[in-house]
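Letters A, B, ... mirror the listed sequences (proteins, then strands); counts begin at 1.
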Amino acid sequence: MEAIWLYQFRLIVIGDSTVGKSCLIRRFTEGRFAQVSDPTVGVDFFSRLVEIEPGKRIKLQIWDTAGQERFRSITRAYYRNSVGGLLLFDITNRRSFQNVHEWLEEAKAHVQPYQIVFVLVGHKCDLDTQRQVTRHEAEKLASSFGMRYIETSARDAINVEKAFTELTRDIYELVRKGEINIQEGWEGVKSGFVPNVVHSSEEVIKSDRRCLC
Amino acid sequence: MSEKDSSENPRGSSQPPDEPGDAPSSENSTKEQKRAVSEPVAITRKRPEAKSSSEAAEQEEQKTPEKHDLDSEAKSPSGWGYWGNWGKSLISTASATVATVGHGITSAIEKAESSLGVPSPVELSIRSQEETEEGADSVQSADAKENESSSPITGALGFLSSISTAVQSTGKTVLTGGLDALEFIGKKTMDVIAEGDPGFKKTKGIINRNSTLSQVLREAKEQEELRVSSDFNAETEQKAHYGLLFDEYQGLAHLEALELLSKESDAKTKAILSSLSGEELAEVKAELEPLKEAFSLEEFDDEEELEKGDEEFTQEVTTLFDELHISARPLKLTKARIDAYKWMADVEEDGKKKKEEQAEPEDAEVQGKTSVEDIHEFAIRSLAELTACSMEMFHKAATLILHGESPVPAAARGRALSQMTILLCKELTQLSKRITTLLTITGASEKSDVLNPLITGVFLEASNSASYIQDAFQLLLPVLEISHIQSRT
């Protein structure tokens, strides 16, 4: 039954307009690549289950934000309720890489008082011949922010699963260690449901599935 | 017959539920559940009602000590707690149906419920305990009522069975009459509402209260998830959960996003208005008045309408969307609608073919024909999808009104959105009529207690859907207000 998962994480995907945020998410959630797509209006929503260990599933709620400047004020409202994020730039567009810093600053300013785990994603890695940002400099930037760096392609389905799953695992570890907690009035992490046993949020962490049958 | 047999007189729920008498009650509910499981029932979900936070907390307190008892019920939708909800949902839906006729009376419903005296599951459980202690008298009278049922009824179960019988027979009446009966209850509810709240016509949806619609829906969905997961291994696995499907189609997320925009706009409008004074303030207020009128949905007539063709519906939605002058297209919505009708047409076609091929219709039933359960599941899914798409459309409209390029008079946009709301609600009515007709035809050889709950379920979710759409529409008013104020300067 689809409805069963251990936690629900809310992730936000940000980055300049046209770096391929919606395409990346659609590849991940729908398994296909849309050649042409309209620019995102405000924010869109997707979800998918991810199995991080056998039997341990996490539901990801993915918030796809508009990169366009005119929707920026809307996007800002969504940082607060996210536990993780993918910060995208286009490896063939130097400008989008330079703006990474700005995106991060904005996220930090609006996520308070909660924390948010980011992964830096260099997108469109299938277009290696048009590359304007080297892997080395992107890795360097990511490590200076204390993030992972990963290169993806929605068109060729490269590393798309990996990007989302690794971020999910990182967040799960932090939740397991108690560094990120479920909080009232915060949508970032929600506890899910395990068959036959109704857990309180704390119990979910300690106990595995118990079968009453 | 003792007064307690009547399900119309709930007792005060002030009695603490965790008294020693609790244990037998849980036993009873398990027995009752076993008995009830054999009755085929569909899940008819109650439209979630917003509670004021204090009320909610109070209820929470009452429920907590009973949790273990309730858990056993939660596994089966047929537990008597479910029946309690059923009665409640019937009434709230009756009034929701009325709401589709044009008055945003959702917030008055609670009042109606309490004055109609539908007992909550918690109250029922308390009463069942009392009933156990009361002894044989009431049991006998309950037994007398229960003569339809062949199963032996132990003393403690008498009362419970009588409730479910009462509810079932009410259910039958409602279903025989279909919409007429729902309308009748709706009218009754309206009277009660009118008595209790003379100004009810001005009462707008849930949104004006402490908790927002999306919160209420989210809580309802979470409860449904809980129920689904505890149902996991149960034989009576139900596939169609409106709340879960509505969320799957991202309806909740879009609604929540729309609420966020609405709230922000409202705050901005208030801040601006409070900074104005004298003539200017009066002027702005006068300008906002026609906007409010567009949101009263007064032209929402109840005329019988013919079913629209795919193109006609798509055309109408597109035209209205064009009037909004925003750069988005309602493709998802029109596609969802087309898919729904195509599926139904296919099933109808299949049904006809099968009938021609097979002389005996009973054989056709056995041979992989689309079952009534399939149609029911499809109906709930379609309603959830269409409603979710409507949420998305309203959310996108709000986003583009606030951050779009071409300024159009807010009142014109308000009128277009209001027309859109009416169109969508009518569409839901048409769709549910079509599906229930299909259910009736397909399930002609089914017993009425299999078919009727399914039909009721479809009608309930259709009118719930219409109420969600109207509540979402109301969220657009602050958005248009601020857009109007900002376009003045």
With a 4.5 angstrom heavy-atom cut-off, is it the side chain or the backbone of [X] that approaches chain B, or both, or neither?
{"X": "A/Gln68", "result": "neither"}
{"X": "A/Glu187", "result": "side chain"}
{"X": "A/Arg72", "result": "neither"}

Side-chain (B/Lys396) to main-chain (A/Gly42) donor-acceptor, under 3.5 angstrom: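 Side chain of B/Lys396 to backbone of A/Gly42: no pair is present.
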Using side-chain heavy atoms (C-beta onward) and a distance below 4.5 Å, is [X] in contact with [Y]?
{"X": "B/His403", "Y": "A/Val41", "value": "no"}
{"X": "B/Leu402", "Y": "A/Phe71", "value": "no"}
{"X": "A/Tyr78", "Y": "B/Leu260", "value": "yes"}

If I measure from the heavy atoms of chain A, does B/Leu261 come under 4.5 Å with its side chain, its backbone, both, or neither?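 Looking at B/Leu261, just its side chain touches chain A.
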Under 4.5 Å from any heavy atom of chain A - which part of B/His254: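 For B/His254, backbone and side chain are both near chain A.
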Is B/Glu256 salt-bridged to A/Arg10, cutoff N-O under 4.0 Å?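 Salt bridge present between B/Glu256 and A/Arg10.
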Supply the atom-to-atom distance A/Arg70 CZ to B/Thr399 OG1, rounded to the nearest 0.5 angstrom.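 Answer for the CZ-OG1 pair, A/Arg70 versus B/Thr399, is 10.0 Å.
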Who pairs with A/Glu151 by side chain to side chain contact (heavy atoms under 4.5 Å, CB included), at least two apart in sequence or on another chain?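 By the side chain to side chain contact (heavy atoms under 4.5 Å, CB included) rule, A/Glu151 matches A/Ile91, A/Cys125, A/Arg131, A/Arg135, A/Tyr149.
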Mind ranking B/Glu264, B/Glu248, B/His395 by heavy-atom pairs under 4.5 Å with chain A and telling me who comes out on top?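 Option with the top pair count is B/His395.
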